[in-house]
Every structure is written in structure tokens, then in C-alpha cells.
Amino acid sequence: MSERAAPFHCPYCGDEDLRPSELETPRGQGAAWECAACNRAFRLKFLGLLASGLQAAHHGGADHDGAHPDGLHGEDSDS
């Protein structure tokens with residue numbers, strides 16, 4: 001696994017013009033990134049995997065009865 005996870009969008013303005021910060025970051029503190037669009041800096045740190053996320057992926061996004069998570073069953077909502 002890479003030491004640095006790369007964000008795709010700035011968490012403040014949503015722009016994609018991001019660059020890794022030139023400042024040294026202590027190990028384990030998260031990588032620092034700079035947004036050229038809004039002139040903000042932020043840190044990105046991986047916290048870990050969620051056990052509940054593994055269950056949702058295992059079920060394929062459907063409930064135990066086969067229903068879609070938002071209540072739709074593949075039919076038009078008018079019927």
C-alpha cells in the first residue's frame with residue numbers, strides 16, 4: 001500500500017487542481033495536500049476499514065429479502 005492516498009477533489013471547493021504539499025509531514029499524521037483553486041491546505045489520512053462496509057459489499061447492496069436499499073424493486077414507482 002502506498003504511503004500517500006491521493007484525493008480526486010478538494011473537500012472545500014470541489015476543484016481538481018490539487019498538489020502534494022512540499023512541507024514535511026511526520027509519519028502517521030496524514031499527507032498534506034494543497035488546492036490551487038481555493039488556496040487551502042488539508043491533510044488526508046486513512047483511518048481503517050469499517051466492518052459494516054464489508055457486510056454491505058457481501059450482500060451486493062440488496063437487503064436480505066432482495067429489495068433494493070431505497071425500496072425500489074426494479075418496477076416503475078407509479079404502479
Side-chain angles (χ1 to χ4, degrees):
M1 176 187 258
S2 172
E3 286 270 339
R4 185 172 281 201
F8 295 106
H9 299 91
C10 173
Y12 298 99
C13 71
D15 200 85
E16 298 176 1
D17 192 5
L18 302 176
R19 295 180 178 94
S21 177
E22 302 266 332
L23 300 174
E24 288 292 323
T25 303
R27 188 170 181 87
Q29 294 294 315
W33 289 84
E34 299 171 354
C35 177
C38 69
N39 204 32
R40 289 187 170 111
F42 59 94
R43 288 193 193 274
L44 184 65
K45 182 177 179 181
F46 178 72
L47 299 176
L49 296 175
L50 300 175
S52 61
L54 296 175
Q55 292 173 356
H58 176 68
H59 293 298
D63 293 332
H64 292 289
D65 62 357
H68 196 273
D70 61 4
L72 300 176
H73 297 278
E75 301 169 358
D76 292 329
S77 58
D78 300 335
S79 48

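By convention here, the first residue in the shown sequence is residue 1.
- Atoms CD and CD, from E34 and E22 in turn, are 7.0 Å apart once rounded to the nearest 0.5 Å.
- Closest approach of L18 and F8 over heavy atoms only: CD1-C, 4.2 Å.
- A37 pairs by the side chain to side chain contact (heavy atoms under 4.5 Å, CB included) definition with C13, D15, C35, not counting sequence neighbours.
- If you take CH2 on W33 and CZ on R43, they are separated by 13.5 Å, rounding to the nearest 0.5 Å.
- No side-chain heavy atom of Y12 sits less than 4.5 Å from a side-chain heavy atom of N39.
- With sequence neighbours excluded, the residues satisfying side-chain hydrogen bond (donor to acceptor under 3.5 Å, both in side chains) with D17 are R19.
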